[in-house]
Visitor: 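Next up is a structure, given as structure tokens.
Chain naming here is simple, since letters A, B, ... match the order of the sequence lines and numbering starts at 1 in each.
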Amino acid sequence: MAEIKKSSIARRLYGRSNGRSRVSMNRLKILVTVVNRPKADFYMDHIQSFGVNMQMVVFGHGTAPREIATAMGLADSERAVIFSVIGENNLRAALDSLDEKFNTIAGGKGIAYTIPMSSIIGKSIFNFLSDNRDAVRRNEA
Amino acid sequence: MSAFNHEVIFCIVNTGFSETVMEAAKDAGARGGTILNARGTANKEAESFFHIAIQPEKEIVMILVDSKIKDAVLHALYQKAGLDTMGRGIAFSLPVEDVVGLTPWKAVDMDGKTIKMPIFKKPSETTEETK
């Protein structure tokens with residue numbers, strides 16, 4: 001009996017036997033976007049339209065060699081790094097849109113990539129980060 | 001969207017050593033990076049016990065690299081800016097997915113010739129060759 005209880009607790013804590021987390025709906029990822037500083041607000045507003053509720057921006061500067069930097073349209077070395085928490089459901093649309101913006105906007109060149117989030121604790125935090133408005137409405141009703 | 005696998009390398013060094021980091025990374029095949037200013041924290045009690053001072057001003061260098069050259073870059077950072085050097089650097093990498101906006105490698109040197117991307121072999125491959 002104790003063994004069964006132990007294994008069920010372990011499963012609850014560490015996920016199913018396939019190594020994946022128990023939560024499979026809309027897994028969260030960190031979207032990292034590096035852009036020129038003057039374009040930071042524009043990209044933050046744009047990313048926010050893809051159901052992103054929390055973003056952080058950190059200012060830094062780039063180190064790409066001059067010839068590559070100018071070829072990429074990055075004349076200024078001041079950069080903004082935007083960290084956004086985004087749900088997997090909205091990721092594809094956000095990345096496609098970012099890719100298009102990087103290639104079309106003058107001085108708007110940048111790079112973006114995602115880092116998967118392995119764990120998060122707190123139901124309300126998860127709902128907030130994944131923009132799960134229905135769950136909140138259900139709770140209030 | 002990039003078809004290749006990429007990794008992002010974070011290297012945390014004392015302020016002023018980000019150029020050392022970038023030089024080492026570029027020698028190992030990296031193209032560019034982003035430098036962020038940061039402040040480190042340390043255990044004050046341990047600091048006084050071991051009679052060492054931890055400089056709180058840090059720089060975080062973020063370098064996106066092809067996963068093929070990740071090991072070469074990390075080795076270079078360890079040797080040129082590791083904990084044994086003045087930079088007191090810590091470097092680690094995270095796998096990243098869905099990279100967008102990265103231009104294909106096409107650098108031109110002073111003579112106008114295109115510089116090809118350096119090929120690095122894993123330590124295991126080189127040891128097999130020497131055998």
Visitor: Working to the nearest 0.5 Å, report the span between CG of Asp98(B) and CZ of Arg92(A).
Guide: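 So the CG of Asp98(B) and the CZ of Arg92(A) are separated by 5.0 Å.
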Visitor: Establish whether Leu74(B) and Tyr78(B) are linked, either directly or via other cluster members, by ILVMFWY side-chain heavy-atom contacts under 4.5 Å.
Guide: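 Looking at the clustering, Tyr78(B) is in a separate group from Leu74(B).
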Visitor: Answer with side chain, backbone, both or neither: which region of Lys101(A) has an atom nearer than 4.5 Å to a non-hydrogen atom of chain B?
Guide: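 No part of it gets close to chain B.
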Visitor: Can you say whether Tyr113(A) sits under 4.5 Å from chain B via the side chain, the backbone, both, or neither, judging by heavy atoms?
Guide: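 Both the backbone and the side chain of Tyr113(A) come within 4.5 Å of chain B.
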Visitor: Once you round to the nearest 0.5 Å, how far does CE of Met62(B) lie from CD1 of Ile111(A)?
Guide: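 Going from the CE atom of Met62(B) to the CD1 atom of Ile111(A) covers 6.5 Å.
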Visitor: Transitively linked via ILVMFWY side-chain contacts under 4.5 Å: Val35(A) with Val57(A)?
Guide: yes
Visitor: Shortest non-hydrogen contact from Gly101(B) to Lys109(A)?
Guide: O-NZ, 2.8 Å
Visitor: Can you confirm whether Asn89(A) is buried at CG, in the sense that more than 12 heavy atoms of other residues, nucleotides or ligands lie under 6.0 Å from that atom?
Guide: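 For Asn89(A), atom CG is crowded (more than 12 foreign heavy atoms under 6.0 Å).
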Visitor: Is there a continuous path of hydrophobic side-chain contacts, each under 4.5 Å between heavy atoms, that joins Met44(A) to Leu98(A)?
Guide: yes
Visitor: Does atom CE of Met86(B) have more than 12 heavy-atom neighbours from other groups under 6.0 Å away?
Guide: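 12 or below, so no.
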Visitor: Would you kindly confirm whether Val58(A) and Ile12(B) end up in one hydrophobic cluster when ILVMFWY residues are joined by side chain heavy atoms under 4.5 Å apart?
Guide: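 Yes, Val58(A) connects to Ile12(B) through the hydrophobic network.
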Visitor: Side chain, backbone, both or neither: which part of Leu91(A) has a heavy atom under 4.5 Å from chain B?
Guide: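 Answer is side chain: those atoms of Leu91(A) sit under 4.5 Å from chain B.
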Visitor: Atom CD of residue position Glu19(B) - does it have more than 12 heavy atoms of other residues, nucleotides or ligands inside 6.0 Å?
Guide: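 Not more than 12 within 6.0 Å, no.
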Visitor: Looking at Asn37(B), Ile63(B), Val8(B), Leu94(B), which has the largest count of heavy-atom pairs under 4.5 Å with chain A?
Guide: Val8(B)
Visitor: Can you tell which part of Ile60(B) gets under 4.5 Å to a heavy atom of chain A, answering side chain, backbone, both or neither?
Guide: neither
Visitor: Counting only heavy atoms not in Phe10(B), do more than 12 fall under 6.0 Å of its CZ?
Guide: yes
Visitor: Output the distance between atom OG1 (Thr34(B)) and atom CD (Glu78(A)), rounded to the nearest 0.5 Å.
Guide: 12.5 Å
Visitor: Work out which heavy atom in Thr63(A) is nearest to a heavy atom in Met22(B); give both atom names and the distance.
Guide: OG1-CE, 3.3 Å
Visitor: Hey, what do you get for CD1 (Ile115(A)) to CD (Glu7(B)), rounding to the nearest 0.5 Å?
Guide: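 So the CD1 of Ile115(A) and the CD of Glu7(B) are separated by 10.5 Å.
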Visitor: Closest heavy-atom contact between Pro116(A) and Pro95(B)?
Guide: CD-O, 4.1 Å
